[in-house]
Structure formats: structure tokens, C-alpha cells
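First the structure, in the form of C-alpha cells, and then the observations on it.
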Number of protein chains: 2
Amino acid sequence: MTAPSTQASPPPARRRRKNDPESVRADILAVASREFSEKGLSGARIDEIAEKTRASKRMIYYYFNDKETLYLHSLEAAYQKVRLQEAELDLDHLAPLEALSRLVRFTFCHHAKNPDFIRLVMIENIHHGRFLAQSELIQSLNAGVIDVLTNVYRRGVEEGCFREGLDPRELHWLISALSFFNVSNQHTFSRIFDWHQAAPENQQKLEDHVTDMVLRYVRPD
Amino acid sequence: MTAPSTQASPPPARRRRKNDPESVRADILAVASREFSEKGLSGARIDEIAEKTRASKRMIYYYFNDKETLYLHSLEAAYQKVRLQEAELDLDHLAPLEALSRLVRFTFCHHAKNPDFIRLVMIENIHHGRFLAQSELIQSLNAGVIDVLTNVYRRGVEEGCFREGLDPRELHWLISALSFFNVSNQHTFSRIFDWHQAAPENQQKLEDHVTDMVLRYVRPD
DNA sequence: GCAACAATGTACGAAATGGTACGTTCAGTC
DNA sequence: GACTGAACGTACCATTTCGTACATTGTTGC
């Protein structure tokens, strides 16, 4: 009661709030992301998200207005996290072949390590990309990816180690497709063909093959 | 449960039934497939399925016991339809290169023309393939696909137009991945990269590129 | 110290939703 | 033409689920 007399000197180390809106918000978002990723938009339950949170259901509606908005924020957060990691790659100082190979392996491994992100994107596609369309944030985040690839490819063509006439966007499509499918269809594929695709040795093989595929596709005849 | 009623003497000419169980059942299944494909297992509503059917909600529970069973039957029906179409391809009389190229194009086009099937598979993967695991039917349907590819590949290696050392299952994985992703991620990809992927001219380009990718992957160095 | 606003807890409401009870009609059999 | 089981319709129930009303507590500026 008498403690708040220390107005004049708030040391940077102080963490003495009982109300901690930012952390509550972040907590809700984290829990919601997991739930939506696991069960989809219609499958996830607000009440269950509330239970798994330190906060209450009331807080979900306080910070996010409704279920769909919460979902949209989960999706945005997921994309943001991905692009942040992607930005750490710097390929400009590598030889084109090396750079491309590294990009492929990075994408493949990244997707494999972030199934929650993949699942959210799958779910968003089930919804026809309707929420993504509302988000200017996500749109703006993704321009950079193509730029990087465009650069690497151009250098490769100039140096003669890549063949001409390819569209960097389609190259990106190819890399994405293989890396994405590896996670998105793991369950059905494994079960149908009785092949433990998630096993580390098989993942390693797939990573090698996927890299190989892309490199074979771009190399001159 | 409801085995096809092969009664001893159903006069072939008679057409005067008011009760028409088989068509009711088929109607329910067709509507359910569309609904599940569009909205997912949790998103689809039994009441809405019932409304869109000639039958009533009671009938859904009469022929299928509950929502999940209905979903499982939808999934099985979808796989059955696919494999039926696939069986029509006969590649054994074609030269290996031609056969492979044809198989790739067939798969690509087939997936593109059957988004409902793709969506059901996506949804099933969201559910960790838990329903597919229950279905002996689907498991048994899929053995053939690999056999066909194994044959073509073996012949190609013998004739020297394919390189050695590839696994037909991984080859199938590659073809599936590219054809599947083309449909499954169309919405997010189109929106993010502002590229009208579904446009016929772009689909044609993708089909060519995908075929090219596979052929480049298998051809000898 | 106190007003004003931000942050939070509790309890509840209305509609949706999966599933069922129960009765009726149809079609083949004797 | 009565009997029987399959096929079907209507009305309903119990629960779940999204969302909100209302009261309470913390925080900050003056």
C-alpha cells in the first residue's frame, strides 16, 4: 500500500507490475496459435484457449475482438516469425551455386522444424486465403524473398552456372512446393506408402534429393 | 453394415419405388463430401448437409452412424474415385520417357481438376491422418500406383534413358508434391506474390515446368 | 488523495449443433 | 390382406460455444 512512493526512481530492472498487458496479450497469442494450428479455425475453441492461458476468456475479447480476429493475428504472427528467421540468411557473398543450395536446404529444414506454421498456412488455404487477403502486414513481409532469389539467379546466369530463361518466382514456387509438401502431407503419405517419412534418416535423404532436384533443374544443359 | 442389396429376384424392369435407399445414401455422401471438403470436419454442419440433401438429418444417422463416420466415408469415396481414374492410364506400351512424361502430366492435371479431393487430403492431414489410418480400404487402393512407376523406371534404366539409383517411391513423392502443392497452396501463393496462378496460361506453364523438372531429375548426367 | 482510464474476474445468455425418441410409411412374404 | 423389417419424417433434448453485462482492481496524472 505504501510502496508506490518510489515514483521518482524507476530502475530499469523493475518488474513489479501486477497488471502486465503485453505479456498477457503475448501469452494469449501464443496459446491461440498452437490451438488454431492444431485444430483449425472452426475446430479451435475459445474456451479452451482461455483455459490454457494465464488470462481469462474475457481478456481474449478485450485484446482481440472476436475469434476470427484472433485467428488473423495468429496467422500474422506466424508469418512474421518466419520472415525474421529468413532475413538472417545472407547469400550475397556466396557463389551462386552455393547460395542456391543453401537457400533450398534452409527452406527445407525451416519448414520441417516449424510444422505449426505449415499447418496454419494449410488451414488458411482451406479458407481460400480469405484472412491473408485482409492482412496488409503479410503482403508486405513477403516481397523480400523473391528479391533475394532474383539476385542469386541473375548472378548464376552471368557466371554461366545457371541456364537462362527461368522465372525466379517459379523457382521459389518449386522450392516451396517440395519443402512444404514434406511437412503438409507427411501423415497421409507415410500411412499410405507405409514409409516412415519423418524418420531422421529419411528426412536427410529427402533434403539431399530436394536440393539435388533444384540444382539439376537450374543447371545448364 | 449396409451391404449392397443383391436380392434374389429384382425384376429388372420395375421402376416404381418410392423408397430408394441407394440413391439416398449416394446423395448424402455426395453432399457430405462437398461440405467436408469445403469446410473441414469441424467446420461442416450436419444440419446444413441435411438441408442440401433430398433426405433428412435422420437419414444421415441412419446410414452413417455419426459425423466422423460420414467424414471417413467421404474420404474413402474420394480416394476411390481418384484411383479409378488412375487405373485408366496404361503406360506399359509407351517408351519410358514418354510414359513418365505422361504420368506427370496426368497427375498434375488430375489434381488441378479435382480440388475437392486435394482439400479432403489437406483436411485429413490436419487431423494427422487419423481417419485414413482406420481405413483398410484406402490403404489397399494405393499399392498399385507405386508398381506402375516402378515398372516404368526399371524399363527406363534398362534402356539407358534414366539414371540409376533412384527410388520409385521418392519419384512418386516428387510428382505428388509438385502436383499437390499447385492446388493446395494456390490461394496463399497467389495472394502473397500477386500472381494469378490459377489462370490457364500459368497453369499450362506450370504443367510444362513440372514435367520438365521431373524429366531433368531422372535423366542421366 | 482522487479522478479517469486501463486491465481483469465472474457469471450468464442466446444460438447453434450433434444426436435421439418416437411414430409413420413402404415393400416384400405368406 | 395381415405381418415384418427396412426406410423415412418430425420434433425434441443436452451440450457446447461464441460472445457480453457488470462489477472490481490496478495504474497514472494532477
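Letters go in sequence order (proteins before strands), and every chain restarts at 1. Note that these values count all heavy atoms, side chains included, but never hydrogens, waters or copies made by symmetry.
Checking each of A/Leu206, A/Val214, A/Val183 against A/Phe108 for a side chain to side chain contact (heavy atoms under 4.5 Å, CB included) leaves exactly one that passes, namely A/Leu206.
Rounded to whole Å, atom C1' of C/dA7 lies 14 Å from atom CZ of A/Arg25. Atom P of nucleotide D/dT20 and atom CD1 of A/Ile60 are separated by 13 Å, given to the nearest angstrom. Atoms CZ (A/Phe64) and C1' (C/dA7) sit 14 Å apart, rounded to a whole Å. A straight line from CE of A/Met59 to C1' of C/dG9 spans 8 Å, rounded to a whole angstrom. Distance, A/Glu51 CD to D/dC18 P: 12 Å, rounded to whole Å. Between A/Glu22 atom CD and C/dA7 atom P there is a gap of 9 Å when expressed in whole angstrom units.
Every pair tested for ring-ring contact (aromatic ring centres under 6.0 Å, His included) that includes a residue from residues 39-63 of chain A fails, sequence neighbours excluded, so the list is empty.
Qualifying side-chain hydrogen bond (donor to acceptor under 3.5 Å, both in side chains) partners for B/Gln204, counting only residues two or more places apart in sequence or in other chains: B/Asp208. Take A/Asp66 and apply the side-chain hydrogen bond (donor to acceptor under 3.5 Å, both in side chains) test, not counting sequence neighbours, and it matches A/Thr69. Taking the side-chain hydrogen bond (donor to acceptor under 3.5 Å, both in side chains) definition, one finds that A/Asp27 meets it with nothing, sequence neighbours left out. Residues passing the salt bridge (Lys or Arg N to Asp or Glu O under 4.0 Å) test with A/Lys52 are A/Glu35, A/Glu48, sequence neighbours excluded.
Using a 4.0 Å cut-off, no side-chain N or O of B/Tyr62 falls inside it from OP1 or OP2 of C/dT20.
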What one-letter contact string describes nucleotides 10-19 of chain C from 5' to 3', where B marks a base within less than 4.0 Å of any protein heavy atom, S marks contact via sugar-phosphate atoms alone, and - marks no contact? B------SBB

